S.K.: 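Take a look at the following structure, please.
Computed from a predicted structure; not experimentally measured. The chain is numbered in sequence order, starting from 1.
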Amino acid sequence: MSPEPGVDTPSWGRWFGRPGRSLTRRLIWLASGWIVLALMLTGWMLTGQYQESAFRRLGNVLSNTIDDVVIASVAAPEGVTVAEIKDGRTLRGLSGKYWQIAELTADGRMRVLVRSPSLAGESLYADSELPARLQASLGALVSYNDPGVLPDGSQPLRIAASMKTLPGRTQPLVFMAGIDRSDIEMDTRQFATFTWTALLILGIGLVIAVFLQVQIGLRPLFDLRNEIADVRKGRAARIARDYPTEIQPLAEQVNRLLDHNQEVVERQRTHVGNLAHALKTPLSVMLAEAESDPTPLAGVVRRQSEIMKGQVDHHLRRARAAARAQGLGERTPVGEVIDELAVMLERVFQSKGVEIDWRAPDELAFLGERQDLQEVLGNLMENACKWSTRRVRVSAGGSGLGQMIAVVEDDGPGLPADQRDEVMKRGARLDEEAPGSGLGLAIVEDLTRAYGGRLTLAASDLGGLKAVLELPAAEA
């Protein structure tokens, strides 16, 4: 049921309910999207957590270095002196581990007082915001990244700074320590590469698992759909396979519906047969009595009774066709029916020398009962033989749209375009001297409409009339 005008369908409903989209494909794409999103967030969080842990370890090293410098520092009148620190890396030039002591000037800048021998005359970088951050948290450790003291930037540093006060000195000092973080960044990149590779493999495996699960999980539904299609096309009468517990009730309900439809069709056929018997018997009695009475009144009764009998046959035939069309489809080979009718009609019209040329593919089948196809094609072919000079041509084939098309042509006088609609009416006869009741084409049209088909008349290239019949076709 489509939503009412002006009512917005929820976004998930619009996406899942959009026509023409496969449910399997939608489920796979939805699950795959969530898997990819979850794995991306996982990879990002793991990489970030690993890097944060590595920086925390560096922070501990830098904090210990600052503590060692603070312990070794002594305030002196001329500034600050630092006793020897037993750390070989801070003694070698540009070794990758550094420390320095600075003081804040009146204009807010930092002036380096003492630096480690490893700095080789260089200074650790301190941006303009560092003094404010240190003063806001006196004694706390402030960490940040820096390109390093080398001009080519090949030795990026992790720097930690803290503001502390030495005994004998009122103005606090800024103690800074730096260490090469290249190894940490390389380890982080390796960890990220390994993590993303592992998550990619995991993601591909999960997507494949989802695909297989959806395909296998929905396979019973696909099988049920195919069985229902086979029943509709006349290949099977019932759903015969066993299905999982979740789907078996649906299959049973479909079978009950099929049984009910078959029961309804059989009941309609019984009613139609009873009605035919109830009406034809009195009509036959009236005709028999009229035949034995030579009076004009008996002639009128005889003619009207024949008309009534024809009308009863017409409507009963239409009712039977409607009941059969509502039931399950049956397969009727078209070629066999045309061949039987051609042989019979050539014998009937042997005095005229009528030749019926027909062709139809062996695999072509009518989705309906044999009796109805014989009724439809029999009327059209008999009409063509009746009005033809000698030749009748019948051809049938599939249209590719679940329909079959049968064409019946003759080489007779044909029919003007303005009279083609007239002959489709019940009882219409353009030639009163020709035998018949005038119900042939009307019967054909009614039966065709009962099956959802169509009958059209046109001019034939043989010179006579061409009847084009469209009916449902059974799939091969």
Side-chain angles (χ1 to χ4, degrees), residues 234 265-266 268-273 275-277 279-280 306-349 354 356 358 360 364-388 392 394-396 403-410 423-429 434-457 465-474:
V265 171
E266 293 298 333
Q268 289 179 347
R269 287 179 177 176
T270 301
H271 291 333
V272 168
L275 180 60
H277 179 74
L279 292 177
K280 285 187 175 181
E306 290 177 350
I307 294 174
M308 291 171 62
K309 185 177 181 180
Q311 293 289 346
V312 168
D313 290 339
H314 163 70
H315 287 289
L316 292 181
R317 191 180 294 108
R318 182 176 181 180
R320 286 194 299 268
R324 288 192 291 263
Q326 291 174 2
L328 301 177
E330 297 185 12
R331 295 173 56 86
T332 300
V334 177
E336 293 182 8
V337 173
I338 297 178
D339 183 55
E340 294 173 1
L341 293 173
V343 172
M344 180 190 67
L345 291 173
E346 284 181 346
R347 291 176 180 174
V348 172
F349 293 92
V354 173
I356 300 178
W358 68 271
L364 184 63
F366 165 61
L367 187 60
E369 292 201 356
R370 189 184 193 92
Q371 179 182 348
D372 294 331
L373 184 62
Q374 290 174 336
E375 186 79 27
V376 172
L377 288 178
N379 274 286
L380 293 178
M381 293 173 64
E382 181 182 5
N383 188 69
C385 292
K386 185 186 303 182
W387 295 101
S388 67
V392 174
V394 182
S395 60
Q403 296 284 107
M404 57 160 284
I405 298 177
V407 180
V408 180
E409 305 174 80
D410 65 74
V423 297
M424 304 287 283
K425 298 178 181 179
R426 287 189 295 270
R429 300 177 61 192
S437 61
L439 292 173
L441 289 178
I443 292 173
V444 172
E445 186 179 24
D446 287 339
L447 285 173
T448 302
R449 287 182 178 178
Y451 278 97
R454 183 175 60 175
L455 173 66
T456 56
L457 301 178
L465 186 66
K466 176 172 70 174
V468 181
L469 184 66
E470 296 182 29
L471 289 171

S.K.: Sequence neighbours left out, what passes side chain to side chain contact (heavy atoms under 4.5 Å, CB included) with Ala406? Give chain and number order.
M.R.: Leu377, Ala396, Met404, Leu469
S.K.: Side chains of Glu470 and Thr448: closer than 4.5 Å at any heavy-atom pair?
M.R.: no
S.K.: Where the side chain of Thr332 meets the backbone of Gly368, is there a donor-acceptor pair that is under 3.5 Å apart?
M.R.: yes
S.K.: Working to the nearest 0.5 Å, report the span between CG of Leu447 and CD of Glu369.
M.R.: 11.0 Å
S.K.: Could you work out, with salt bridge (charged side-chain N to carboxylate O under 4.0 Å, His left out) as the rule, every residue matching Glu382, not counting sequence neighbours?
M.R.: none
S.K.: Is there side-chain contact between Val354 and Leu345, with heavy atoms separated by less than 4.5 Å?
M.R.: no
S.K.: Considering non-hydrogen atoms only, spot the tightest contact between Gly378 and Leu341 and give its length.
M.R.: N-CD1, 3.6 Å
S.K.: Please find the pair of heavy atoms, one from Ala365 and one from Arg331, that lie closest to each other, and give the distance.
M.R.: CB-NH2, 4.0 Å
S.K.: Looking at every non-hydrogen atom in both residues, tell me the closest pair between Gly335 and Ala360 and how far apart they are.
M.R.: CA-CB, 4.2 Å
S.K.: Decide yes or no for Leu465 and Trp387: does some side-chain heavy atom of the first lie under 4.5 Å from some side-chain heavy atom of the second?
M.R.: no
S.K.: Salt bridge (charged side-chain N to carboxylate O under 4.0 Å, His left out): which pairs involve residues 337-348, sequence neighbours left out?
M.R.: Glu340-Arg370
S.K.: If you compare all heavy atoms of Met381 against all heavy atoms of Ile338, which two are closest, and at what distance to 0.1 Å?
M.R.: CE-O, 4.1 Å
S.K.: What's the shortest heavy-atom distance between Ala467 and Leu380, and which atoms?
M.R.: CB-CD2, 4.0 Å
S.K.: When you measure from the side chain of Asn379 to the backbone N and O of Glu375, does any donor-acceptor pair fall under 3.5 Å?
M.R.: yes
S.K.: How far does CE of Met344 sit from CD1 of Ile356, to the nearest 0.5 angstrom?
M.R.: 8.5 Å
S.K.: Under 4.5 Å between any side-chain heavy atoms of Ser395 and Trp358, yes or no?
M.R.: no
S.K.: Give the minimum heavy-atom separation between Val334 and Phe366, together with the two atoms involved.
M.R.: CG2-N, 3.7 Å
S.K.: Rounded to the nearest 0.5 Å, what separation is found between the CG atom of Leu455 and the CZ atom of Arg449?
M.R.: 9.0 Å
